[in-house]
There are 2 protein chains.
Amino acid sequence: MTITMQQIAEKTGVSRITVSRALNNRSRISQETRRKILKEARRLNYRPNAVAKALAMKKTHTIGLVVPDITNPFVAEITKHVEDRAAVGDYSLIMCVTNNSLKKEDASIRSLMDRRVDGIIINHPQSNAQSQCIRQLKQEKFPFVLIGTIDGMETDYVMVDLAEGAYQAVSHLIRQGHKRIAYVRGGNGRLRLMGYKKALAEHGLGFDEELVVRCGPGLKDGAEAAGKILAMQDRPTAIFALNDFLAMGVMDALKAANLNVPEDMALVGFDDVLLASRLSVPLTTIAQPMEQIGKLAVEILMKKIEKPTHEPWQVMLKPQLVIRESCGAKSQQSSQENT
Amino acid sequence: MTITMQQIAEKTGVSRITVSRALNNRSRISQETRRKILKEARRLNYRPNAVAKALAMKKTHTIGLVVPDITNPFVAEITKHVEDRAAVGDYSLIMCVTNNSLKKEDASIRSLMDRRVDGIIINHPQSNAQSQCIRQLKQEKFPFVLIGTIDGMETDYVMVDLAEGAYQAVSHLIRQGHKRIAYVRGGNGRLRLMGYKKALAEHGLGFDEELVVRCGPGLKDGAEAAGKILAMQDRPTAIFALNDFLAMGVMDALKAANLNVPEDMALVGFDDVLLASRLSVPLTTIAQPMEQIGKLAVEILMKKIEKPTHEPWQVMLKPQLVIRESCGAKSQQSSQENT
DNA sequence: AATGATTGCGAACACGTGTACGCAGAAATT
DNA sequence: AATTTCTGCGTACACGTGTTCGCAATCATT
């Protein structure tokens with residue numbers, strides 16, 4: 001049985017209210033009784049019931065985090081920083097994993113709302129602007145921040161200029177002499193597609209719809225996409241992958257086909273995951289500032305929790321090309337950076 | 001402003017209690033009024049307040065998960081399965097990251113208790129048997145399950161026979177002809193040390209204390225440990241690392257020293273992380289059944305939540321040697337297994 | 001010394017829900 | 001027709017906390 005204020009009150013011969021005052025360091029109480037109460041609370045090892053407090057204060061000191069897949073190192077790293085920043089701000093984190101399912105994302109958000117979390121961070125939302133759930137969040141002015149964006153919806157967000165990143169990646173491949181560059185697009189990848197197209201256009205290369213291959217989010221999906229690319233009649237000489245995770249899948253497929261990177265096929269990823277530099281062929285990729293993303297998401301959310309009606313805070317961060325070996329260029333930086 | 005039962009009651013002209021009965025599908029209510037109430041609840045988009053419910057029922061439908069480092073792929077994978085199984089059982093997950101700090105672990109557990117989670121899973125506990133916090137958990141019969149164990153404390157747990165795994169790993173290295181095998185022990189690694197010693201003893205090799213190198217949990221720590229090993233006068237020819245993560249650090253250092261794996265130095269890891277097979281030199285390692293670990297931890301916890309006084313459930317799982325290239329033996333399985 | 005301000009405390013209500021009980025009226029039993 | 005059971009609903013209390021009052025007693029002010 002756990003200790004309540006009532007019990008401390010009875011032991012010390014005062015009312016529960018007075019106990020509350022002592023514990024919350026309020027005024028209108030004598031030093032004497034305060035000391036007596038604190039001593040007794042300490043002796044009984046009293047711990048306030050956060051649930052009751054949450055109900056009374058209409059504040060749970062909890063934020064929800066919705067992620068597509070925690071085993072994706074990019075997601076994991078951001079999650080780490082989110083948790084870290086939240087802990088500093090005295091918030092706990094309820095984490096929901098959606099496995100890239102829109103349905104689960106909806107259910108997760110609903111559950112978080114029911115739990116009355118103070119705010120929600122949605123990492124890589126699956127939802128679109130028609131999504132009932134997100135619209136409700138917005139309409140009720142429930143504090144939430146996206147990592148990424150939802151097309152056609154004005155929200156708080158922190159994101160990375162993905163189009164710019166893709167532009168850099170593809171431009172770099174073009175500078176290496178590649179003319180047919182496939183794009184393993186994954187499920188979404190619309191913004192990167194824009195950068196991809198822009199790079200092609202600027203260098204006078206035509207856009208070939210066939211070179212854009214859609215696929216699921218798993219390693220196997222990446223391998224499968226690579227298989228399709230290898231089977232093309234006029235086989236591309238380079239592949240740009242939606243993210244490092246898919247790039248690894250592509251590598252698997254290339255290896256299985258006995259092709260070498262970058263000689264037989266150049267490859268560029270996206271994210272600069274901790275392990276990108278440690279793969280069999282160190283991966284050229286686009287680095288995203290994961291720590292900043294995580295921290296900013298929490299900080300914006302905290303602002304929004306304080307002022308739910310404030311107009312959206314929106315942060316756009318810059319990605320950066322990291323040249324290693326998988327693209328065929330000489331490595332510019334030894335990049336042994338991360339912990 | 002959110003909808004409450006009271007408001008539905010007023011709209012439909014009944015008491016709040018009747019609303020409760022209708023929503024919870026209780027008896028002692030006419031079909032007529034039930035339908036009327038449900039209709040109104042639907043219209044108003046009523047969502048029960050989980051905080052209030054938790055207070056009344058003394059049940060939060062939430063479990064706490066304490067992990068040392070979510071960016072460690074091994075931890076992330078287990079976390080995924082924990083979340084998954086918890087979601088199926090209609091539990092939400094509050095995640096706390098300790099960064100391998102005992103102090104933070106304590107604070108996390110305290111916070112979870114304050115929040116009245118229904119139970120706690122502690123992945124790789126830092127605490128020892130003297131830890132005040134854990135002892136309190138146990139004394140109060142607060143449901144908790146360890147992934148791993150705490151020496152000298154009888155608790156519920158699911159763990160892998162780490163000694164057996166280490167035994168397999170080191171035995172394998174010995175079979176490859178290695179006689180001086182270093183052990184990058186990391187911070188804890190006591191059980192693996194037993195397996196390490198057993199393998200040496202069984203093959204008539206002496207134990208050399210110097211070959212056991214302690215270090216922190218990060219990639220850099222692994223590299224540092226490798227540096228010490230390389231500096232030894234009678235340099236070892238093989239390294240057994242506490243886990244794949246540290247093994248990657250070791251690889252970094254070897255590469256920096258221009259040494260090849262496995263020719264100049266054989267290497268075996270532990271965990272069989274998703275990426276072990278994709279490193280520059282595919283890593284021989286000890287596979288742990290991560291999905292089983294995560295699921296069982298939740299299932300045991302759920303049992304414990306139902307019967308807090310039941311004697312501890314304890315599960316010991318078997319690890320498995322996965323031979324790739326870093327040990328110098330021929331790969332037995334192509335191991336393209338994981339998703 | 002009479003008045004006003006301040007201090008120390010408790011009563012009462014609020015937060016949103018679940019549940020044991022009581023009490024009418026209707027239905028079923030004698 | 002009188003009694004018992006059952007149905008449908010509301011009253012009252014509980015969960016553990018925060019907060020607004022009001023009321024004495026004490027202190028400071030004139």
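By convention in this document, chain letters (A, B, ...) are assigned in the order of the sequence lines, proteins followed by strands, and residues within each chain are numbered from 1. The structure presented is a predicted model; accordingly, all values stated were derived computationally and were not measured.
Every residue was checked against the ring-ring contact (aromatic ring centres under 6.0 Å, His included) condition with B/Tyr46, not counting sequence neighbours, and none meets it. Partners of B/Met302 under the side chain to side chain contact (heavy atoms under 4.5 Å, CB included) rule, at least two apart in sequence or in another chain, are B/Arg85, B/Tyr91, B/Val298. Checked against side chain to side chain contact (heavy atoms under 4.5 Å, CB included), B/Arg190 has the following partners two or more places apart in sequence or in another chain: B/Asp151, B/Arg185, B/Asn188, B/Met194. For B/Pro143, the side chain to side chain contact (heavy atoms under 4.5 Å, CB included) test picks out B/Leu301, B/Lys304, B/Ile305, with sequence neighbours left out. Shown here are the side chain to side chain contact (heavy atoms under 4.5 Å, CB included) partners of A/Ser20, two or more places apart in sequence or in another chain: A/Met5, A/Asn24. Checked against salt bridge (charged side-chain N to carboxylate O under 4.0 Å, His left out), B/Arg43 has the following partners two or more places apart in sequence or in another chain: B/Glu40. Every salt bridge (charged side-chain N to carboxylate O under 4.0 Å, His left out) that B/Lys59 has, sequence neighbours left out, goes to B/Asp118. Residues satisfying the salt bridge (charged side-chain N to carboxylate O under 4.0 Å, His left out) test with B/Lys53, not counting sequence neighbours, are none.
The environment of NZ in A/Lys11 is sparse: at most 12 heavy-atom neighbours from other residues, nucleotides or ligands sit within 6.0 Å.
First and last contacting nucleotides of DNA chain D toward chain B (any atom under 4.0 angstrom from a heavy atom, 5' to 3' order): D/dT7 to D/dG16.
Remark on the helix from C/dA1-D/dT30 to C/dT30-D/dA1: inter-end axis angle 50°, axes from five-pair C1' superpositions, rounded to 10°.
A salt bridge does not link B/Lys36 with B/Glu32: every distance from a Lys NZ or Arg NE/NH1/NH2 to an Asp or Glu carboxylate oxygen is 4.0 Å or more.
Near-neighbour residues of DNA chain C inside residues 44-53 of chain B, defined by a heavy atom below 4.0 Å, number-ordered: B/Tyr46, B/Pro48, B/Asn49, B/Ala52, B/Lys53.
Side-chain contact between A/Thr79 and B/Met95 is present, with at least one heavy-atom pair separated by less than 4.5 Å.
Donor-acceptor pairing under 3.5 Å is recorded for the side chains of A/Arg115 and B/Thr62.
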Per-nt protein contacts along nucleotides 5-14 of chain C (heavy atom under 4.0 Å; B base, S backbone sugar-phosphate only, - none) come out as --BBBBBB--
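Among the atoms of the strands shown, only primed sugar atoms or phosphate atoms (P, OP1, OP2) are found under 4.0 Å from some heavy atom of B/Arg26.
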